[in-house]
Amino acid sequence: MENHVLFEKKGSVALITLNRPKKLNALNREMIDEILSLLRRCEEDRQVKLIFLEGSGDRAFSAGGDVMAVYDMCLNGKVEEAVDAFRAEYEMDYYLSDYSKPVISYMDGITMGGGVGISIGTDFRIVTENTRWAMPEMKIGLFPDVGVSYYTSKMEDGFGMYLSLTSKTVGADDCVFLGVADYKVDSSDYPALKEEILDFSWEKLNRNEVTATVDDIIRDYSREAEKGYLEENRDDIRTYFDKEDLNEIIASLQADTDKPFAQKALESIGKNSPTSMAVTLEQLNRAKHMYLKECFEQDLVMVKSFLRNKDFFEGVKNKLIDKTDRVEWTPKDLSLLKKSVVESYFEE
């Protein structure tokens, strides 16, 4: 059986590789458990000074969590097992965000959902010309989880709301602009960067010295981020999405359907589960005043509710299995969604 997580130690550097390329390195429960185990082992290993996180293949760092595995668990009456898988993933992500040793995430290719979760809290987040970053969960009746609401809720000018509601996929320049990545590096330069880090003598350096040295090395290979889609459309995003009321956001877009930006945003929003959108907006409003750990705790409460919701099963079946856009959301329209129902998603 192929090992879905590869581990190698070269001197003082530990390399952890997500090795499920045919599934775009989607994280299943076994991978999460293995990564957590490796991270704990490296934390106890005094020789290890630095961690690399990578994805195998040339298409993805990680396309997210294994949604099909969760879907199958729930259909087979194993809802608690599915919830426990989310719990383990959130534990891994939070552990990485507060890890005692520097971690480099090489976010080459697709970095979505769980791929965002495992990388966003690490110390050195590298993106390339191939990076495709997004949180597209609302298209399948879920919500942007993995603690990402901590970051998106605090983005200025409505960027977090825009990314969450439209599931917009952004590239390297926008990732650096948003602060979800730190360095833009050409993928062709990465092997040399990696080799330089692996060949460096880290043994006698403390954590601060390791951090400063890694930063210097990566910057030598970095390129300046250019103006991306989000920055170019900053004024429109602020106008339509810098709000706390979903109906107000949609009404403002509908009033300007003659504008291409508003048309595209409405088209994307129109594919979402209305329940997912309403609950996510409430999630973001609450997350503005939360610490990261509280956002993960909130996500776990929410995911339990979503796994009881018909929309998740409808979304996965139609979008991922049948690959159609004919999704019958319940309810079909925001106007039919009661505030009490939205609030129930935040109750144990």
Side-chain angles (χ1 to χ4, degrees), residues 26-33 36 64-95 97 112-118 120-121 135-153 164-165 167 246 272-320 327 329-331 334 337-348:
L27 295 161
N28 60 27
R29 178 61 191 272
E30 291 75 20
M31 292 172 72
I32 291 165
D33 289 344
L36 262 173
D66 192 337
V67 174
M68 287 306 305
V70 171
Y71 177 82
D72 289 340
M73 284 181 209
C74 293
L75 285 186
N76 288 301
K78 300 178 180 178
V79 177
E80 286 304 315
E81 187 176 330
V83 170
D84 197 54
F86 280 100
R87 183 184 289 107
E89 183 178 6
Y90 300 164
E91 180 184 353
M92 174 186 68
D93 294 340
Y94 184 67
Y95 185 45
S97 73
M112 299 183 181
V116 172
I118 199 174
I120 198 168
M135 293 295 295
E137 288 77 8
M138 268 183 278
K139 304 300 182 193
I140 56 167
L142 279 175
F143 67 103
D145 62 337
V146 294
V148 76
S149 61
Y150 173 79
Y151 304 92
T152 52
S153 66
S164 299
L165 294 180
S167 303
L246 184 55
N272 293 340
S273 156
T275 301
S276 290
M277 286 196 294
V279 173
T280 295
L281 184 133
E282 179 67 19
Q283 173 201 27
L284 292 178
N285 288 338
R286 293 182 182 216
K288 289 178 183 178
H289 314 289
M290 289 180 170
Y291 296 110
L292 179 58
K293 186 176 182 180
E294 292 174 313
C295 288
F296 278 115
E297 291 169 348
Q298 177 172 265
D299 285 353
L300 189 59
V301 172
M302 292 170 66
V303 84
K304 292 176 184 177
S305 298
F306 273 95
L307 294 184
R308 295 192 295 264
N309 184 353
K310 180 182 176 183
D311 276 5
F312 168 64
F313 301 96
E314 181 72 12
V316 171
K317 183 180 184 301
N318 283 274
K319 295 283 188 177
L320 302 184
V327 186
W329 301 122
T330 305
L334 279 170
L337 189 61
K338 296 180 180 179
K339 183 173 177 58
S340 60
V341 172
V342 173
E343 290 175 346
S344 72
Y345 278 72
F346 300 88
E347 300 169 358
E348 285 278 12

Do T275 and T330 come close enough that some side-chain heavy atom pair is under 4.5 Å?
no

Heavy-atom side-chain proximity of I118 to V146 below 4.5 angstrom:
no

Rounded to the nearest 0.5 Å, the OG atom of S97 sits from the OH atom of Y95 at a distance of 11.0 Å

Any chance you could measure D299, atom CG, to F86, atom CZ, to the nearest 0.5 Å?
10.0 Å

Would a 4.5 Å heavy-atom cut-off, applied to side chains only, mark N285 and S153 as touching?
no

Please test E348 against K304 for salt bridge (Lys or Arg N to Asp or Glu O under 4.0 Å), starting from the C-alpha separation and ending with a verdict.
CA-CA 8 Å; E348 285 278 12; K304 292 176 184 177; 3.4 Å; yes

Taking the side chain as everything from C-beta on, heavy atoms only, tell me whether V301 gets closer than 4.5 Å to Y345.
no

CD-OG distance between E137 and S276, expressed to the nearest 0.5 angstrom:
9.5 Å

Can you tell me if K288 has over 12 outside heavy atoms packed within less than 6.0 Å of its NZ?
yes

Note: D33 and A88 closest approach over all heavy atoms is OD1-CB, 4.3 Å

One pair to check against salt bridge (Lys or Arg N to Asp or Glu O under 4.0 Å): R29 and D66. What are the steps and the verdict?
CA-CA 8 Å; R29 178 61 191 272; D66 192 337; over 6 Å; no

With rounding to the nearest 0.5 Å, note down the distance linking OH in Y150 to CD in E294.
10.0 Å

Using the six-membered ring wherever Trp is involved, compare the ring planes of F296 and Y90 and label them parallel, tilted or perpendicular (cut-offs 30° and 60°).
tilted

Closest heavy-atom contact between L281 and L246?
CD1-N, 3.5 Å

Okay, side chain of T280, backbone of M277: is any donor-acceptor separation there less than 3.5 Å?
no

Using modelled atom types only, decide if a donor and an acceptor are shared between the side chain of N28 and the backbone of E30 within a distance under 3.5 Å.
yes

Report yes if the side chains of M138 and L165 come closer than 4.5 Å at any heavy-atom pair, otherwise no.
yes

Between N309 and D311, is there a donor-acceptor pair closer than 3.5 Å when you use the side chain of the first and the backbone of the second?
yes

Are any side-chain N or O atoms of S149 and backbone N or O atoms of C295, one a donor and one an acceptor, separated by less than 3.5 Å?
no

To the nearest 0.5 Å, atom CD of E297 lies from atom CG of L300 at 9.0 Å

Value rounded to 0.5 Å, distance of CE in M92 from CG in L36:
6.5 Å

So, for E89 and G114, which heavy atoms are closest and what is the spacing to 0.1 Å?
OE2-CA, 3.3 Å

Smallest separation among heavy atoms of W329 and G141, with atom names
CH2-N, 3.7 Å

Establish, from distance only, whether the side-chain atoms of D145 and Q283 form a donor-acceptor pair under 3.5 Å.
no

On the 0 to 90° scale, with breaks at 30° and 60°, tag the F306-F143 ring pair as parallel, tilted or perpendicular.
parallel

Would you call E91 and R87 a salt bridge, using N to O less than 4.0 angstrom?
no

For E80, does its backbone N or O pair with a side-chain atom of D84 as donor and acceptor, under 3.5 Å?
no

If you compare all heavy atoms of N76 against all heavy atoms of D72, which two are closest, and at what distance to 0.1 Å?
ND2-O, 2.8 Å

